[in-house]
Amino acid sequence: EAQVTQNPRYLITVTGKKLTVTCSQNMNHEYMSWYRQDPGLGLRQIYYSMNVEVTDKGDVPEGYKVSRKEKRNFPLILESPSPNQTSLYFCASSSLYRGGYTFGSGTRLTVV
Amino acid sequence: RKEVEQDPGPFNVPEGATVAFNCTYSNSASQSFFWYRQDCRKEPKLLMSVYSSGNEDGRFTAQLNRASQYISLLIRDSKLSDSATYLCVVTRRGDDKIIFGKGTRLHILP
């Protein structure tokens with residue numbers, strides 16, 4: 001089944017403790033992206049990647065890192081999480097030639 | 001002006017009615033258009049692509065008006081299960097950036 005898999009689904013952590021949210025897709029998509037979604041603010045792009053070893057900042061990259069060492073994986077790293085990073089996070093992938101995103105099921109992160 | 005704008009709603013519509021909502025975009029270089037559906041606390045899912053000639057999928061019809069820079073979504077014979085937030089998505093020509101609207105909330109009332 002074609003899908004984007006994010007883990008974990010839920011995470012509660014403390015301020016300053018490094019964490020990684022994994023994202024993997026099995027559709028051989030070139031484009032992958034991370035979003036956060038907050039009430040009243042909609043989906044905001046954190047980082048995106050057009051292909052392996054190519055990453056770019058989105059609209060709200062501060063406090064986040066990403067890497068794209070393999071085509072299928074695009075982990076999101078929070079080196080020192082803070083409470084303002086409490087949010088619902090989505091990973092998404094797309095074929096550059098067909099458009100249309102497939103989203104992961106989301107990760108609800110709470111930083112206390 | 002935001003690049004993609006939608007009326008946030010909510011639209012409260014009785015079951016069986018027809019409902020339509022629009023999305024405007026400001027960048028005339030936008031090249032691809034989509035409607036997504038998002039249920040509460042779930043991931044957005046692609047509902048349909050939007051083509052210049054208009055396209056229909058069952059009870060759903062999407063249209064693009066490039067001259068006035070808006071896309072529309074029409075839902076006929078609405079069902080309770082259509083209750084969701086509908087997101088307008090536009091892809092920008094040149095850098096292929098994908099821009100999401102903030103969504104329109106739809107409540108279908110029994």
Side-chain angles (χ1 to χ4, degrees), chain A residues 1-7 9-10 21 23-25 27 29-51 54-61 86-110, chain B residues 1-10 21 23-27 29-52 55 57 60 62 64 71 73 84-106:
Chain A
E1 181 190 351
Q3 60 185 357
V4 177
T5 303
Q6 275 180 248
N7 280 298
R9 291 289 307 275
Y10 301 92
V21 185
C23 174
S24 180
Q25 50 95 5
M27 295 165 282
H29 284 166
E30 300 83 9
Y31 189 101
M32 295 186 75
S33 184
W34 276 102
Y35 289 86
R36 62 178 288 174
Q37 189 173 38
D38 303 287
L41 298 177
L43 283 160
R44 294 183 292 168
Q45 191 177 48
I46 302 170
Y47 269 95
Y48 65 97
S49 169
M50 303 286 274
N51 217 322
V54 180
T55 63
D56 271 300
K57 295 178 181 178
D59 301 314
V60 288
T86 292
S87 187
L88 177 58
Y89 291 85
F90 289 108
C91 179
S93 73
S94 170
S95 166
L96 284 177
Y97 307 103
R98 283 204 330 268
Y101 264 142
T102 300
F103 280 84
S105 300
T107 296
R108 187 164 291 279
L109 172 66
T110 302
Chain B
R1 184 183 171 190
K2 292 189 178 65
E3 197 157 351
V4 176
E5 292 201 73
Q6 295 182 251
D7 182 338
F21 28 83
C23 163
T24 59
Y25 60 95
S26 61
N27 189 336
S30 301
Q31 60 178 351
S32 302
F33 307 87
F34 306 91
W35 282 104
Y36 279 73
R37 172 200 168 118
Q38 185 175 23
D39 295 296
C40 189
R41 299 173 187 265
K42 298 280 186 73
E43 74 274 22
K45 292 187 177 174
L46 180 63
L47 181 64
M48 56 200 304
S49 303
V50 187
Y51 305 116
S52 296
N55 47 301
D57 183 1
F60 296 82
L64 166 64
I71 66 172
L73 180 67
T85 296
Y86 291 84
L87 302 170
C88 167
V89 180
V90 171
T91 304
R92 194 162 61 194
R93 192 186 306 275
D95 60 5
D96 291 322
K97 187 170 174 64
I98 299 173
I99 316 290
F100 281 83
K102 290 187 180 179
T104 296
R105 282 186 297 145
L106 175 64

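All figures in this text were calculated on a predicted structure; none of them were measured in a lab. Just so we're on the same page: letters track the sequence lines, and every chain starts at 1.
Ranked by heavy-atom pairs under 4.5 Å with chain A, the list B:Gly103, B:Pro44, B:Ser32 is led by B:Pro44. Residue with the most contacts toward chain B among A:Arg108, A:Gln45, A:Arg44: A:Arg108 (heavy-atom pairs, distance under 4.5 Å).
For B:Asn27, the side-chain contact (heavy atoms from CB on, under 4.5 Å) partners two or more places apart in sequence, or in a different chain, are B:Glu3, B:Ala29, B:Ser30, B:Arg92. Residues satisfying the side-chain contact (heavy atoms from CB on, under 4.5 Å) test with B:Pro8, not counting sequence neighbours, are none.
Looking at A:Gln6, neither its backbone nor its side chain comes within 4.5 Å of chain B, counting heavy atoms on both sides. Contacts of B:Ile99 with chain A are absent, with no heavy-atom separation under 4.5 Å from either backbone or side chain.
Ring pair B:Phe100/A:Phe103 is perpendicular by interplanar angle, where above 60° counts as perpendicular and below 30° as parallel.
Nearest heavy atoms, A:Phe90 versus B:Lys42: CZ-O, 3.4 Å.
Interatomic distance, CG of A:Leu43 versus CD of B:Glu43, reported as 11.5 Å (0.5 Å rounding). Note: A:Leu41 CG to B:Lys102 NZ = 6.0 Å, rounded to the nearest 0.5 Å.
In this structure the side chain of B:Ile98 never reaches within 4.5 angstrom of the side chain of A:Tyr48, judged on heavy atoms.
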